[in-house]
Every structure is written in structure tokens, then in C-alpha cells.
There are 2 protein chains.
Amino acid sequence: MTKVDKIPEPTIKRLAFYSRPLEDLLESGPPVISSEKLADSCGVHPAQVRKDLAYFGEFGVRGVGYDVRDLLREIKRILATDKPVYLCIVGVGNLGTSLIENENFKKRGYRFKAAFDSDPEKQGEKLACGLIIEPNHRIREVCREKEIEIGVIATPPRGAQRVCDLLLDAGVKGILNFAPMQVRTTGDCRVENVDFTVKLENLAYHLHRLDESEG
Amino acid sequence: MTKVDKIPEPTIKRLAFYSRPLEDLLESGPPVISSEKLADSCGVHPAQVRKDLAYFGEFGVRGVGYDVRDLLREIKRILATDKPVYLCIVGVGNLGTSLIENENFKKRGYRFKAAFDSDPEKQGEKLACGLIIEPNHRIREVCREKEIEIGVIATPPRGAQRVCDLLLDAGVKGILNFAPMQVRTTGDCRVENVDFTVKLENLAYHLHRLDESEG
DNA sequence: CTTTTCATGTGCAAAAATTCACAATGTCTT
DNA sequence: AAGACATTGTGAATTTTTGCACATGAAAAG
Ligand SMILES: NC(=O)c1ccc[n+]([C@@H]2O[C@H](COP(=O)([O-])OP(=O)(O)OC[C@H]3O[C@@H](n4cnc5c(N)ncnc54)[C@H](O)[C@@H]3O)[C@@H](O)[C@H]2O)c1
Ligand SMILES: NC(=O)c1ccc[n+]([C@@H]2O[C@H](COP(=O)([O-])OP(=O)(O)OC[C@H]3O[C@@H](n4cnc5c(N)ncnc54)[C@H](O)[C@@H]3O)[C@@H](O)[C@H]2O)c1
């Protein structure tokens, strides 16, 4: 299907990145874009864009560029977001609620099909989206029943590993972890960690470097 | 100060990563840790840990390992998070509120010193942390007055670039951007983007790959 | 005091990722 | 129809990052 066996990990990240400006262009913009323009709006090198896309096929027209609509469709197909992806969330606190209510996920085909929380006070509560918060012991059954592929962890770090184990047991194939700790999984479940403080520490480091090189 | 001019970007990211298990160990664990153990709990290679740390000095003891307390202090010093870092947030919606209320930031020395929102309904509202939501036109004055170094953007993507420009004008040196779009800055202000859907798309891609290789 | 043990720090090799540079190939103009 | 032009797709060169392997040095054991 693809030109090489193993696609570089950074390429996958960038594909998702490319789709943002393409979505904007689709609504209001020229129907065609060059690798240079696309690279510009994503802050990468034009050759990088071409090489990334070339792993999966020849989507462009020489001398012209890429058809915005076609390219976006191809990228979505590659990333497997052309069909809905079913999610569940564990931990319906501040962050969890804001994730569920966020329109961005739905727009991109990610659907929350279930929500779990260990707090008995919250169980049974009906969310704006219509979901009812269920207890943790239902994770296995509900995930299997609703064919949930990805679990989102939005609990405090203390409970994260236990929740992770429950999700593994429920057969999810991917976990998006917001708790600031490393969770262990088996080989056939992939974890992506989202840690804002890592990004902040990155900023703090470079701010400081800037001061030094100035002085 | 450091052994080479340019520290690899991945090294900085990992330093932030290393600090989390160290914080846990500090509370309850042995006072010394080996590069192997530390690497294990972060999912990286032991030699990587040693090399990353070696850029900044010799923090370990041969035959023994690293003193947890010392190492954590060194890492915090390197990342410039040994002193408080002042933040402001623009866009106090679902996500913004959950960020402000999150204890994790405070624990690591990040302090929200101001909050802004363009919605007149929200302006003047007092948050749980004591901050009062101010209008955007106050960004410049307040940021300069309170010596805010980093701005957090939590507005819808449409307004993000405008907000970014205001923050630049206010003299912030770093921006943490949660809006799913690329914002443009001048050279002396660094941007870090947080985009959950990129991570989700990553997961979706690999889920699909897994299916393929199985079939 | 000497030997053994253990884990660091690091030069070097390998692997991965990025960028260059240009032939290939399409469109537009005359 | 031919030439000018623009931009892709890609092999090669370069840069960056990772991992190996072992000398080095500190502590513990004998
Ligand atoms: N809020 C943020 O902006 C933010 C930012 C970065 C990281 N995080 C991380 O995300 C996680 C959630 O943050 P939050 O602000 O929503 O916290 P929160 O305290 O508001 O919500 C946590 C929720 O998880 C539930 N919970 C606790 N243990 C559970 C378990 N074992 N199983 C199921 N549910 C459980 C609680 O009942 C609560 O509803 C934390 O780990 C936090 O560090 C949050
Ligand atoms: N909520 C999430 O979990 C989540 C996840 C991923 C990304 N995001 C992104 O984060 C951003 C905020 O998300 P949210 O869920 O909090 O949205 P929200 O609609 O709840 O809040 C947005 C807030 O920004 C304010 N605002 C709008 N334009 C502004 C401007 N120009 N200046 C100042 N304030 C302005 C609004 O008044 C509102 O209070 C969005 O870009 C969203 O895509 C959110």
C-alpha cells in the first residue's frame, strides 16, 4: 500500500498538522496549494511536505500543486479518520468535561460513546451530550458492547494505572493519557501522553536561554 | 555553562519527562536511582538518560547512580522552573477554566497572574483562584505590570492570531497555544502548540496499521 | 590494601530524519 | 506545436539523534 514498510513517526504527526490549514482552505481559499504554501502555514520545510506525502502516493500535479479537497481526503484516509472513531473517557472532572463538550473532536470524527467515573456522586449524572456517567466496573462490558477503540484517561495520576489496566482488559487499542504519569500497557495497545507542563517547561528553558545569550 | 553550544531539542523534552518519576521517588522511594531505572520508568534508553544529563554536568556517582533530590534540583534549575514562572491566560472557557483550576501547574511553579476574555459577560467575573477576568485591551498593560513571561491561548482558533499579536505586543516571550491552528510570532517569542487531535490521529493511524498487519 | 563490583560518562558507529538539488512532468502562452 | 515556466517527486548529501561498548572512577567486600 505504501512505498516503504515503515513510515517515520514524525511524518504521521505532520500529516495531522497539514490537515488543519487544508480544512481552512476548503471553506474559503484557492482549490489548489503548493508544497511551499502548505509548508509555510505549518512552519516546516517544503521538501518535507512533499516527502511526507510521497510515502503514500503521488497526490500532486507537477507545475501546479495539490488539490486541496483531494489531498485532505487522502490524509484523512491515511490517518483512518475518514470513518468515525469511538472513544470513551474515564474521569469526568474539569478536564474530562471540557473534552467531552469540545466540538473539535466531533468535527474530526471522534465520538465519545461512554463516560466513566469512580465517584458515586457523579455516577448516573447525565451530560449535555446525552451520555450518562457510569461506574468503572462497567468499563469492560460497555467498551466491548459499543466497540470502543480508544480510551481517554482524565483521572488524577494516582488512579491512572488502574484505569489503564481496566481499559486494556476492555480491549481498547489506544489510550490518550492526560494524567501526568507514564502508564504501562501491553504491546497491542498504544499510548499517547498529553502533558502540558512538558511544553511549559520547554518554553521556560528557552526563555532562560534567550536571557543568557542576550546578556 | 553547558558542554556544547546547542542542546538537542529532544533532550529538553526528556528532561521534563525525567522529573516526574523523580518527584514521586522524592516522596516515597530510595534516595538514589540508576539511569537504567529512570530510563525504564520513562520508556527511554538508559544511555539516553546519561547522555542527556551529561550535557549539563556530571550529576551521578559512578557505581552508585544519581541522588534523586540533587538530580531533581539540577533539572529544575536547567529548565528554569526553580523560580516561579508567571503566566496569563486568554480565553476563559471550558478549557481555560480547567487549566486555571488545575493544581499541577501551581505545583511546578507556574502561576496564573491574569486572565482575559473578549466576552463582556465574563469580564469582571471573579474566579475561584481570586483572579478577575479582564478585557483583551488590558493585556498589554497588565502583562507588563505583572511581568508575565508566558501567555496561554485558550480561545477558539478564529481569534487566536489576534490574541497572539496582542500578547507579542505585551512583550511575552513564550506562548502555549491550545487553539488548533498555527500562530505566527516574531523571532524572540517561542510558541508551543498543544493539539490533542494530533495525538488522537496518531493513535487512529496506528490502530489501523495494526489491523492491516494482522489481517 | 587489594580486589571485586557496579554504574557513570563518553568516543564512536549506526540509524533516522531533514534538506538539497535537479530531473521529470504537468500547464500555460504564443 | 514548441518553448517557457512552475512545481512535484526523489536520490544523494547532510544533519541530527540514538545506541553501543568500554574505560573510568567510586564504593564495598575480602
Ligand atoms: N485540568 C487541566 O487543565 C489539566 C491539565 C493538565 C493535566 N491535567 C490532568 O488531568 C487529570 C484530570 O484533571 P482534572 O482537572 O479534570 O481533575 P478533576 O479532579 O477535576 O477530575 C478528576 C476526575 O476523575 C475522577 N476519578 C478519580 N479517580 C478515578 C478513578 N480511579 N477512576 C475513574 N475516575 C476517577 C474524579 O472523580 C474526578 O471526577 C489530572 O491527572 C490532571 O493532572 C489536567
Ligand atoms: N475544551 C477542550 O477540551 C479542548 C480540547 C482541544 C482544543 N481545545 C481548543 O481550545 C480552545 C478553547 O476551547 P474551549 O472548549 O475552552 O472553548 P470555549 O468556547 O468554552 O471557550 C472559549 C473562550 O474564549 C473566549 N474568546 C473567544 N474569542 C476570544 C478572543 N478573541 N479573545 C479573548 N477571548 C476570546 C470566549 O469568550 C470563551 O470564553 C479552542 O480553540 C478549542 O478548539 C479545547
Side-chain angles (χ1 to χ4, degrees), chain A residues 1-18 21-22 25 30-72 74-75 78 202 205-206, chain B residues 1-18 21-22 25 29-72 74-75 78 202 205:
Chain A
M1 189 187 186
T2 58
K3 298 207 174 172
V4 290
D5 287 350
K6 210 196 158 309
I7 309 294
E9 198 62 21
T11 290
I12 307 301
K13 287 235 170 74
R14 283 191 298 265
L15 283 184
F17 232 67
Y18 299 155
L22 289 176
L25 279 173
V32 169
I33 189 170
S34 69
S35 61
E36 193 170 345
K37 289 260 171 56
L38 183 54
D40 255 13
S41 45
C42 297
V44 301
H45 196 282
Q48 189 83 81
V49 172
R50 298 200 293 275
K51 181 148 285 191
D52 285 341
L53 296 175
Y55 283 119
F56 301 94
E58 304 198 0
F59 306 133
V61 179
R62 292 173 192 225
V64 179
Y66 299 89
D67 182 277
V68 172
R69 180 180 303 272
D70 287 353
L71 185 54
L72 188 56
E74 287 294 346
I75 290 179
I78 293 163
N202 226 279
Y205 171 81
H206 285 98
Chain B
M1 187 185 188
T2 56
K3 297 206 175 172
V4 291
D5 289 349
K6 208 194 160 310
I7 310 294
E9 198 61 22
T11 290
I12 307 301
K13 287 231 171 75
R14 282 190 297 264
L15 283 184
F17 232 66
Y18 300 154
L22 289 176
L25 280 173
V32 168
I33 190 170
S34 68
S35 61
E36 192 168 345
K37 289 260 172 55
L38 184 53
D40 254 15
S41 46
C42 297
V44 301
H45 196 282
Q48 189 83 79
V49 172
R50 298 200 293 275
K51 182 150 285 189
D52 284 342
L53 296 175
Y55 283 120
F56 301 96
E58 304 198 0
F59 305 134
V61 179
R62 292 173 192 225
V64 180
Y66 300 89
D67 182 276
V68 171
R69 181 180 302 274
D70 287 354
L71 185 54
L72 189 55
E74 287 295 345
I75 290 179
I78 293 163
N202 226 279
Y205 171 80

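Convention: sequence-line order gives letters A, B, ...; per-chain numbering from 1.
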Spacing between B:E9 atom CD and D:dT17 atom P, to the nearest angstrom: 8 Å
Could you grab the distance from atom OG of A:S35 to atom CG of A:L71, nearest 0.5 Å is fine? 11.0 Å
For DNA chain C, which residues in residues 44-53 of chain B have a heavy atom at a distance below 4.0 Å? B:R50, B:K51
What's the spacing between A:R50 CZ and A:E36 CD if we round to 0.5 Å? 8.5 Å
A:R14 CZ to C:dA17 C1', straight-line distance once rounded to whole Å: 8 Å
Between P on D:dC5 and CD on A:E36, what's the gap in Å once rounded to a whole number? 18 Å
Have a look at B:Y55 and tell me which of B:I78, B:I12, B:I7, B:L15 forms a side-chain contact (heavy atoms from CB on, under 4.5 Å) with it. B:I7
Quick check on C:dT8: is either OP1 or OP2 less than 4.0 Å from any side-chain nitrogen or oxygen of B:S35? yes
Calculate the interatomic distance between A:Y55 atom OH and D:dT8 atom P; express it in whole Å. 17 Å
Counting neighbours of CD on B:E9 that are heavy atoms of other residues, nucleotides or ligands and sit closer than 6.0 Å, is the number greater than 12? yes
What is the distance, to the nearest angstrom, from the CD1 atom on A:I12 to the P atom on C:dA17? 11 Å
With sequence neighbours left out, write down each residue that passes side chain to side chain donor-acceptor pair (under 3.5 Å) with B:E74, or none if nothing qualifies. B:R77
Name every residue in residues 62-69 of chain A that has at least one heavy atom under 4.0 Å from any atom of DNA chain D, in order of residue number, or write none if there are no such residues. A:R62, A:G63, A:V64, A:G65, A:Y66
Partner set under side chain to side chain contact (heavy atoms under 4.5 Å, CB included) for B:V61, not counting sequence neighbours: B:V64
By side chain to side chain contact (heavy atoms under 4.5 Å, CB included), which residues pair with A:V68, not counting sequence neighbours? A:L22, A:L25, A:L26, A:I33
Would you mind reading off the distance between A:K6 atom NZ and C:dA16 atom P, rounded to a whole angstrom? 8 Å
Between P of C:dA16 and CD1 of A:I7, the distance in whole Å: 14 Å
Rounded to the nearest Å, what distance is computed from the CZ atom of residue A:F56 to the P atom of nucleotide D:dT8? 18 Å
Counting only pairs under 3.5 Å, give me each side-chain donor-acceptor contact of residues 39-47 of chain A, with atom names and distances, residues two or more places apart or in other chains.
unit_1	atom_1	unit_2	atom_2	d
A:S41	OG	A:K37	O	3.2
A:S41	OG	A:L38	O	3.1
A:H45	ND1	A:A47	N	3.1

Drop me the distance from A:R14's CZ to A:I75's CD1, to the nearest 0.5 angstrom. 12.0 Å
